[in-house]
Protein chains: 2
Amino acid sequence: MTDTTIPTNTIRRLPRYYHYMQDLVDQGDKYVTSDQIANYFGIHPTQVRKDLAFTGLIGKPKVGHVLQEALESVRNFLGWDTNSKAFIVGAGNLGSAIIGYGGFDVTGVSIVAAFDTDPDKIGHVINGIEVFPMRKFTDMALKMGVKIGIITCAAEAAEAVANTMVVSGITAIWNFTPVKPYVPENVIMEQTELYSSLAILSRRIKELEGK
Amino acid sequence: MTDTTIPTNTIRRLPRYYHYMQDLVDQGDKYVTSDQIANYFGIHPTQVRKDLAFTGLIGKPKVGHVLQEALESVRNFLGWDTNSKAFIVGAGNLGSAIIGYGGFDVTGVSIVAAFDTDPDKIGHVINGIEVFPMRKFTDMALKMGVKIGIITCAAEAAEAVANTMVVSGITAIWNFTPVKPYVPENVIMEQTELYSSLAILSRRIKELEGK
DNA sequence: TATATATTGATAAAAAAATCACGTAAAATC
DNA sequence: GATTTTACGTGATTTTTTTATCAATATATA
Ligand SMILES: NC(=O)c1ccc[n+]([C@@H]2O[C@H](COP(=O)([O-])OP(=O)(O)OC[C@H]3O[C@@H](n4cnc5c(N)ncnc54)[C@H](O)[C@@H]3O)[C@@H](O)[C@H]2O)c1
Ligand SMILES: NC(=O)c1ccc[n+]([C@@H]2O[C@H](COP(=O)([O-])OP(=O)(O)OC[C@H]3O[C@@H](n4cnc5c(N)ncnc54)[C@H](O)[C@@H]3O)[C@@H](O)[C@H]2O)c1
């Protein structure tokens, strides 16, 4: 039970359920059933049950789940119940968007500083977050004990930035560039490829056209 | 052969291979082997072969694939060889980042206009793309025959925006909000959940801590 | 209080995806 | 020219993920 591996897709789906359940709370609901969630997302109820079961949640027949409990269970399972600080490197288009976005608060990850090499960017404050020169990264990371790094710099710089992160004690990296930097095995790397989504879209369009 | 369904994961992986192969071309290489790609991404060579086989690509033993042919094959398979126009709704943080990003050109999708309801945003030009008032959407979409819509507006507006897109002849939607708007079955919807990636990261951190 | 109903969690079956294993072909080496 | 090596393609196998089935149980209703 403790060493069962969690399907990645389960982890991917849970935040969606979370958001939906939050909406239900906001509209005054107190309970939610697996079928309700499944129906909303057009997926199979059993899958929702399995996913929720991974978080340790236990429901009541005929009633479903108490929303507050369900939300807490998912939050806890995803590690959203503990706060952690993150540094972001690259305060360009995408970096600024992420810094300016408040929606990640719920995950307990808060961006506390941004870094860039461009003198025009350094010193600016975006959404309350200051942009520091890149050379201060290691010092500040070690001093503040930051463990999460976000890479939104130019693709060419990704490899070097990842290296800097590793030597600065960063253990988890969220990388938005299409480059796959080499990092030691004990460093967690999550690659977000916006390309991939677009690929699925254009492939589906192509498939339809073929019909 | 024509009606074999393509695994979604294959479609997700191909753009990564593509980018890597493009890098190889840039550094002067002429050939690539499945093992090379597999090695770079830390996955199984057979998987790379199977993925590439879906695109119709045939390699030579001992040599691998001619890079130019491989790139073309993937491009063609993903529908990146045909140009299509897209409208984006919501010229906020994320919308601006996407409009300002040149990296999607390779996919053949080009954003030709942005839309917003905020008077402060309307009229602005971002990266050569003008922001129009939302009420012009339907008219312009029909007139220009645009088939792809990108949603980067406030989550609350996503449902309404999706509706507008559907009645304006949009058949494929790329949605960045955490909301799942209802659309008819014949409309393709690709949901990009930045949350999900973050969830995987924080869950992995949690898993490691537990050890 | 008894009965019907909705929804659960566990287990089994099916489907899908990833990996393995093997035979073959092209190039390199002897 | 024969032999070795490397990488290919593909059917078989294993693993993972999803879907189906079903007994158990809490609530509602008669
Ligand atoms: N904007 C998007 O929609 C989008 C989509 C997909 C992927 N990406 C990827 O995200 C990355 C950033 O994209 P963007 O559009 O924000 O680009 P951008 O050019 O607007 O921003 C890049 C920033 O990184 C900084 N930078 C460059 N080298 C650096 C270094 N060595 N150290 C620290 N900072 C450095 C630059 O000064 C700049 O501010 C790119 O790799 C891109 O491929 C962006
Ligand atoms: N910025 C991020 O990093 C990020 C990450 C994940 C998800 N998202 C999602 O992307 C969406 C946009 O995020 P953002 O940070 O860019 O927000 P934002 O507030 O900066 O931008 C939203 C834009 O949408 C416009 N808008 C609002 N209602 C509209 C309507 N009915 N029609 C047309 N335009 C409308 C607003 O005027 C604004 O310009 C949100 O739903 C958010 O949840 C953003």
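As the structure is a computational prediction, the values presented were derived from the model and not from experiment. Proteins come first, then strands; the chains are lettered A, B, ... in the order of their sequence lines, and each starts at number 1.
Under 3.5 Å, the side chains of B:N93 and A:Y101 contain no donor-acceptor pair of N or O atoms. In summary, the side chains of A:S202 and B:T107 do not present any donor paired with an acceptor at a separation below 3.5 Å, with no hydrogens or angles considered.
Among the atoms of the strands shown, none is found under 4.0 Å from any heavy atom of B:I43. Nucleic acid contact for A:L57: sugar-phosphate only, since backbone atoms but no base atoms lie under 4.0 Å from a heavy atom of the residue.
Here D:dT10 presents its P atom at 13 Å from CG of B:L52, a figure rounded to the nearest Å. Whole-Å rounding puts the B:D51 CG to D:dT10 C1' distance at 15 Å.
A cation-pi geometry, defined here as NZ or CZ lying under 6.0 Å from the six-membered ring centre and within 45° of its normal, does not hold between A:R75 and A:Y18.
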Between the protein and nucleotides 20-29 of chain C, are there any N/O to N/O pairs under 3.5 Å, and if so, what are the atom names and distances?
from, atom 1, to, atom 2, distance (Å)
C:dC20, OP2, B:H44, NE2, 2.6

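Of the two residues contacting DNA chain D, namely B:I58 and A:Q47, the nearest-nucleotide position lying further toward the 5' end is that of B:I58.
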Which is it for A:F137 and A:F87 under the ring-ring contact (aromatic ring centres under 6.0 Å, His included) test, yes or no, and what are the steps along the way? CA-CA 8 Å; A:F137 189 96; A:F87 278 179; 5.4 Å; yes
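In this structure, A:D105 has no salt bridge (charged side-chain N to carboxylate O under 4.0 Å, His left out) partners at least two apart in sequence or on a different chain.
If you take CD1 on A:I150 and CZ on A:F104, they are separated by 7.5 Å, rounding to the nearest 0.5 Å.
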Could you go through residues 175-185 of chain A and list every donor-acceptor pair under 3.5 Å that involves a side-chain atom there, pairing it with any protein atom two or more places apart or in another chain?
from, atom 1, to, atom 2, distance (Å)
A:N175, OD1, A:T177, N, 3.0
A:N175, OD1, A:T177, OG1, 2.9
A:N175, ND2, A:V179, O, 2.9
A:N175, ND2, A:Q191, OE1, 3.3
A:T177, OG1, A:V179, N, 3.4
A:K180, NZ, B:Y40, O, 3.4

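The list of side chain to side chain donor-acceptor pair (under 3.5 Å) pairs with a residue in residues 56-72 of chain B, not counting sequence neighbours, is empty.
Between B:I98 and B:I111, the closest side-chain pair of non-hydrogen atoms falls below 4.5 Å.
Listed by residue number, there are no residues of residues 30-38 of chain B with a heavy-atom contact under 4.0 Å to DNA chain C. Listed in residue order, the members of residues 9-23 of chain A having a heavy atom less than 4.0 Å from DNA chain C come to none.
Between A:A86 and A:V109 the shortest heavy-atom distance is CB-CG1, 3.8 Å.
Salt-bridge formation is not detected for the pair A:R12/A:D51: no Lys NZ or Arg NE/NH1/NH2 atom is positioned less than 4.0 Å from an Asp or Glu carboxylate oxygen.
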